[in-house]
Amino acid sequence: MAKAKTIYVCDKCGYESPKWFGKCPVCGEWNSAKEFSLKDHSETKSIRANEAGMEAPHPRFFDINSATKLLEEEERIKTGINSIDELLSGGLVKGQVILLGGEPGVGKSTIALQICDSIARNSNNDKRIYYISGEESVGQVGLRAKRLGINNEKLLISSETQIEDILNEIDPNKAQLIVVDSIQTLCSVDIDSPVGGIVQIKAVVEKVRIFSKKYGIPSILIAHVTKEGTIAGPKLVEHVVDTVIYFEGERTTDYRILRVQKNRYGPSGEITVFQMTSNGLQGLSEDTFLTYSNTPGNIFTSIYEGTRPFNVQIQALVSRVKTTSGRRISHGVDVRKVIIISAVLSKHLNLPLDFHDIYMNVSGGVNITDPGCELSIAGAILSSFLDAYIGNVFMAGEIGLDGSIRPAVNIQKRVENAKKLPIDLIVIPKASIKNTNVKSTQNIKIETVDNIRQLFNLILDLKKGD
Ligand code: TYD
Ligand code: MG
């Protein structure tokens, strides 16, 4: 029998304590402690062993052969949408719990419905897919399905909001996938606190997770998140799910990026691009956002966070101001990174960047954290500052506070991927050339740089040669 352990969770910030508290010691909220029961985890672990058809020799430990077998058992259920299957390293795994987050209106319900439809069409069994929409009425989901041309009797829709009632209605032998849209709109009978609050979210996620693991049915949990991060709920359940995928993208364009933030069944950092069309989301190639304009300040680079590089374009606009403190405004690159790189350029090249505003942008609304993009950020700033159009150039490398240019990880793969672009020049750190066999080709020249002074001179030379 599973033992229930009671803890108290702050409904405002998620603070947990074994004891009741009147005032939350973390966020200071009064009367926010809610009782929360957690099941003993041994239940789920022995279920995993049963799932793989094994007797667990010890209730809590597996020998190494069994552990390997468990891994092999992870056959993939293909969604049939190529870019999603690639993102998930081949497809869904039995009992996998995926958190799909994103801002309202970004396309979470749309992609979820498309996945449901594709799985239903691709599977040659009569298993059902259960779509629980607490967000919208059955009619509204039906309308969206109609718009997407989805008509499949294996797909069942409900707009019930109590998770226990819903799970009771799902026949585990007949279920192939469960979608919960969204975790903020469902509630558990066990919990006496507001729907959409942290405690309810935790409870709902826990119920679905246990159900998924027990019967080996994958589930997709949709969660709203806002840019301001005011809704802390979804972030607080990331650690209990297997996979976390976020939708990124500017509201003003049709492009949407799905990025794997965490994956117990494959690499994280994988990215794929979609376009929102009148027929739903369509997969796109990675270079969709790239433009080839004859203006200074545009540099190509790649982000490498998953198993492959992804080409993006950095844009900088540097403009003179009369005051001494130029502003730094950035979309897609952390503004602190822009501040640091411009400080390095100011200091080591003796440039008056303090008297300039710097605006940074990344094509397609992609967010960049990969330090391998730093060289391109510096390149874009210098190109705009010098008003130098330098052609279609790709750069990859990191920048040190001392003005040195350092190798970026996986430079070889980045360069190979960059060669697919119609570029004239690739600039990489000098130190990178030793460990790779990157070579100039007839159309694409490779230049190396050791420090930002050399980068500066290179950009000046390219400008002159124009
Ligand atoms: P939706 O999936 O409802 O977003 P979320 O679940 O993340 O809140 O999609 C939001 C937008 O997409 C909505 O404004 C309508 C638009 N849309 C299309 O452009 N084409 C379509 O085929 C569909 C279904 C939606
Ligand atoms: Mg929705």
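Note that the coordinates shown come from a computational prediction; the quantities given were computed from them, not determined experimentally.
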Participant: Quick one: side chain to side chain donor-acceptor pair (under 3.5 Å) partners of Arg144, sequence neighbours excluded?
Facilitator: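 Side chain to side chain donor-acceptor pair (under 3.5 Å) check on Arg144 returns Glu136.
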Participant: Check ring pair (Phe, Tyr, Trp, His ring centres under 6.0 Å) between Tyr15 and all other residues, then give those that pass, not counting sequence neighbours.
Facilitator: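 Here the qualifying residues are Phe21.
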Participant: Is there a donor-acceptor pair closer than 3.5 Å between any side-chain N or O of Gln140 and the backbone N or O of Ser137?
Facilitator: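 Yes.
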Participant: For Asp370, is there an ion pair with Lys337 - N to carboxylate O distance below 4.0 angstrom?
Facilitator: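 No, no charged N to carboxylate O under 4.0 Å.
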Participant: Below 4.0 angstrom, N of the basic side chain to O of the carboxylate: do Glu238 and Lys235 qualify?
Facilitator: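 Between Lys235 and Glu238 there is a salt bridge, with a charged N closer than 4.0 Å to a carboxylate O.
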Participant: Give me each pair satisfying salt bridge (charged side-chain N to carboxylate O under 4.0 Å, His left out) with a member in residues 149-173, each pair once, sequence neighbours excluded.
Facilitator: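 As it turns out, the salt bridge (charged side-chain N to carboxylate O under 4.0 Å, His left out) pairs with a partner in residues 149-173, which skip direct neighbours, are Glu164-Lys207.
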Participant: Looking at residues at least two apart in the chain, or sitting in another chain, which of them share a side chain to side chain contact (heavy atoms under 4.5 Å, CB included) with Ala343?
Facilitator: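 With sequence neighbours excluded, Ala343 shows a side chain to side chain contact (heavy atoms under 4.5 Å, CB included) to no residue whatsoever.
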Participant: Do Leu186 and Ile132 come within less than 4.5 Å of each other through their side chains, counting heavy atoms only?
Facilitator: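 Side chain of Leu186 against side chain of Ile132, heavy atoms only: contact under 4.5 Å found.
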Participant: Arg308: which residues meet the salt bridge (Lys or Arg N to Asp or Glu O under 4.0 Å) condition with it, sequence neighbours left out?
Facilitator: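 In terms of salt bridge (Lys or Arg N to Asp or Glu O under 4.0 Å), with neighbours along the sequence ignored, Arg308 is linked to Glu86, Glu270.
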Participant: Rounded to the nearest 0.5 Å, what separates atom CD1 in Ile217 from atom CD1 in Ile170?
Facilitator: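 Interatomic distance, Ile217 CD1 to Ile170 CD1, rounded to 0.5 Å: 7.0 Å.
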Participant: Let's go through Asp357 and Tyr359 carefully: what are the C-alpha distance in whole Å and the side-chain angles of both, what is the deciding distance for side chain to side chain donor-acceptor pair (under 3.5 Å) to 0.1 Å, and is it a yes or a no?
Facilitator: CA-CA 7 Å; Asp357 283 342; Tyr359 304 96; 3.1 Å; yes
Participant: Using the salt bridge (Lys or Arg N to Asp or Glu O under 4.0 Å) criterion, which residues pair with Glu29? Sequence neighbours excluded.
Facilitator: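 Salt bridge (Lys or Arg N to Asp or Glu O under 4.0 Å) list for Glu29, sorted by chain: Lys12.
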Participant: Who pairs with Lys108 by salt bridge (Lys or Arg N to Asp or Glu O under 4.0 Å), at least two apart in sequence or on another chain?
Facilitator: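 In terms of salt bridge (Lys or Arg N to Asp or Glu O under 4.0 Å), with neighbours along the sequence ignored, Lys108 is linked to no residue.
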Participant: Please name all residues satisfying side chain to side chain contact (heavy atoms under 4.5 Å, CB included) with Asp181, sequence neighbours left out, ordered by chain then number.
Facilitator: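 Once residues adjacent in sequence are excluded, the partners of Asp181 under the side chain to side chain contact (heavy atoms under 4.5 Å, CB included) criterion are Ser109, Tyr131, Glu135, Ile222.
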Participant: Quick one: do Asp85 and Lys78 make a salt bridge, cutoff under 4.0 Å?
Facilitator: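 No, no charged N to carboxylate O under 4.0 Å.
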Participant: Name all residues meeting the side chain to side chain donor-acceptor pair (under 3.5 Å) criterion together with Ser158; count only those two or more places apart in sequence or in a different chain, and write none if there are none.
Facilitator: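 Ser158: no side chain to side chain donor-acceptor pair (under 3.5 Å) contacts found.
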Participant: Restricting to ring pair (Phe, Tyr, Trp, His ring centres under 6.0 Å), what partner residues turn up for Phe310, sequence neighbours left out?
Facilitator: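 Residues passing ring pair (Phe, Tyr, Trp, His ring centres under 6.0 Å) with Phe310: none at all.
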Participant: Take Ile201 and Ile198, measure what side chain to side chain contact (heavy atoms under 4.5 Å, CB included) needs, and give me the verdict at the end.
Facilitator: CA-CA 5 Å; Ile201 292 176; Ile198 287 165; 5.6 Å; no
Participant: Partners of Asp192 by side chain to side chain donor-acceptor pair (under 3.5 Å), sequence neighbours excluded?
Facilitator: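 Testing Asp192 for side chain to side chain donor-acceptor pair (under 3.5 Å), a comparison that skips the adjacent residues, returns none.
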Participant: More than 12 heavy atoms of other residues, nucleotides or ligands under 6.0 Å from CD1 of Ile329: yes or no?
Facilitator: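 More than 12 heavy atoms, drawn from other residues, nucleotides or ligands, come within 6.0 Å of this atom.
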Participant: Who passes side chain to side chain donor-acceptor pair (under 3.5 Å) against Asn410, sequence neighbours left out?
Facilitator: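 Checked Asn410 against side chain to side chain donor-acceptor pair (under 3.5 Å); zero matches.
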